[in-house]
Amino acid sequence: MSAARRWAAELLPADVRDGVVLVVSELVANAVAADEAAGATDDIEVELVVDPPHGHVVLAITDASDRPLPPSPACVPGDEDGGRGLLLLDVLADDHGWTPRPCGGKCVWARFRCAPVQQHLAMPPVRVECADAA
């Protein structure tokens, strides 16, 4: 997970970096757990689309599990070890969800607004994938 966090941090605009990196960490941890539960190995893909000219960043993480995401909990007791990931998504992402993959598994995605950059100064959108997410 530290490789995925470092990889994402280097690509992200400063105004969304901390929040997106936190979500990367949470979603990669969930994907690793989902893959282990499904008996899969090395099936996690992390994709990051950074598009400052249009003012957004999109994160997509796939795993081998066909289980849908549960609804976000209303609250999580302080003594619980887990259960806060969807709450983080609710707070940090401007939109999020999941889609089933045609080949099995699912893709969990999150969209974040970032400060738009003048079109004439900006680079084209960058789409990159992290080879070693876990």
Side-chain angles (χ1 to χ4, degrees):
M1 282 170 275
S2 63
R5 287 191 301 264
R6 283 191 308 274
W7 168 80
E10 293 174 7
L11 301 168
L12 292 164
D15 62 322
V16 294
R17 183 175 299 130
D18 292 344
V20 175
V21 168
L22 183 58
V23 171
V24 165
S25 184
E26 181 63 33
L27 292 183
V28 168
N30 290 350
V32 168
D35 270 13
E36 288 174 355
T41 59
D42 204 26
D43 191 41
I44 298 169
E45 296 175 1
V46 179
E47 182 180 16
L48 191 61
V49 177
V50 181
D51 189 4
H54 295 102
H56 70 266
V57 170
V58 178
L59 169 67
I61 299 180
T62 62
D63 64 49
S65 172
D66 292 323
R67 290 183 51 211
L69 289 183
S72 296
C75 67
V76 178
D79 59 349
E80 291 289 324
D81 288 336
R84 293 172 183 80
L86 292 174
L87 292 175
L88 284 173
L89 274 174
D90 288 343
V91 170
L92 297 173
D94 293 294
D95 195 12
H96 65 86
W98 71 279
T99 56
R101 291 172 32 191
C103 58
K106 69 179 169 295
C107 175
V108 179
W109 57 269
R111 185 175 50 80
F112 305 83
R113 284 191 204 103
C114 63
V117 175
Q118 293 285 334
Q119 188 72 13
H120 67 279
L121 297 176
M123 299 285 289
V126 177
R127 181 183 184 129
V128 291
E129 293 183 21
C130 179
D132 182 19

Undergrad: Looking at every heavy atom in both Pro68 and Trp98, which two are closest together, and how far apart are they?
TA: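 Nearest pair, atom of Pro68 first, then Trp98: CB-CZ2, 3.0 Å.
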Undergrad: Quick one: CG on Leu88 to NE2 on His96, what's the gap to the nearest 0.5 Å?
TA: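 Going from CG on Leu88 over to NE2 on His96, the span is 10.0 Å.
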Undergrad: Below 4.5 Å, heavy atoms only, C-beta onward: do Leu48 and Leu12 meet side chain to side chain?
TA: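 They are in contact (side-chain heavy atoms under 4.5 Å apart), so the answer is yes.
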Undergrad: What distance separates Asp35 CG from Asn30 CG, expressed to the nearest 0.5 Å?
TA: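 Here the interatomic distance stands at 11.5 Å.
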Undergrad: Working to the nearest 0.5 angstrom, can you tell me the gap between Arg5 CZ and Glu26 CD?
TA: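 The CD atom of Glu26 is 11.0 Å from CZ of Arg5, to the nearest 0.5 Å.
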Undergrad: Report yes or no: does Arg17 contribute a side-chain atom to a donor-acceptor pair with the main-chain N or O of Ala9 at less than 3.5 Å?
TA: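 Present.
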Undergrad: Rounded to the nearest 0.5 Å, what's the gap from CG on Leu22 to CG on Leu27? Could you check?
TA: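 Here the rounded value is 9.5 Å.
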Undergrad: Could you tell me which non-hydrogen atom of Ala93 sits nearest to which non-hydrogen atom of Ala110, and how far apart they are?
TA: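 It is CB-CB, 4.0 Å.
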Undergrad: Nearest 0.5 angstrom please: Arg111 CZ to Asp94 CG, how far?
TA: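 Output value for this atom pair is 6.0 Å.
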Undergrad: For residues 54-70, which residue pairs qualify under salt bridge (Lys or Arg N to Asp or Glu O under 4.0 Å), counting only residues two or more places apart or in two chains?
TA: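 Non-adjacent pairs meeting salt bridge (Lys or Arg N to Asp or Glu O under 4.0 Å): Asp63-Lys106.
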Undergrad: Determine, stepwise, if the pair Val46 / Trp7 fulfils side-chain contact (heavy atoms from CB on, under 4.5 Å).
TA: CA-CA 10 Å; Val46 179; Trp7 168 80; 3.6 Å; yes
Undergrad: What closest approach, in Å, do Pro116 and Pro53 show between heavy atoms, and which atom pair accounts for it?
TA: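 Minimum heavy-atom contact is CB-O, 4.4 Å.
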Undergrad: Which atom pair, heavy atoms only, marks the closest approach of Leu92 to Gly19?
TA: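 Result for this residue pair: CD1-O, 3.8 Å.
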Undergrad: Roughly how far, to the nearest 0.5 Å, is CH2 of Trp109 from CG of Leu89?
TA: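 Interatomic distance, Leu89 CG to Trp109 CH2, rounded to 0.5 Å: 10.0 Å.
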Undergrad: Would you name the heavy atoms of Ala31 and Ile61 that are closest together and state the gap between them?
TA: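 Shortest heavy-atom contact: CB-CG2, 3.9 Å.
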Undergrad: Against Val23, only a single residue in Leu59, Val108, Asp18 fulfils side-chain contact (heavy atoms from CB on, under 4.5 Å); can you say which?
TA: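 Running side-chain contact (heavy atoms from CB on, under 4.5 Å) over Leu59, Val108, Asp18 with Val23 returns exactly one hit, Leu59.
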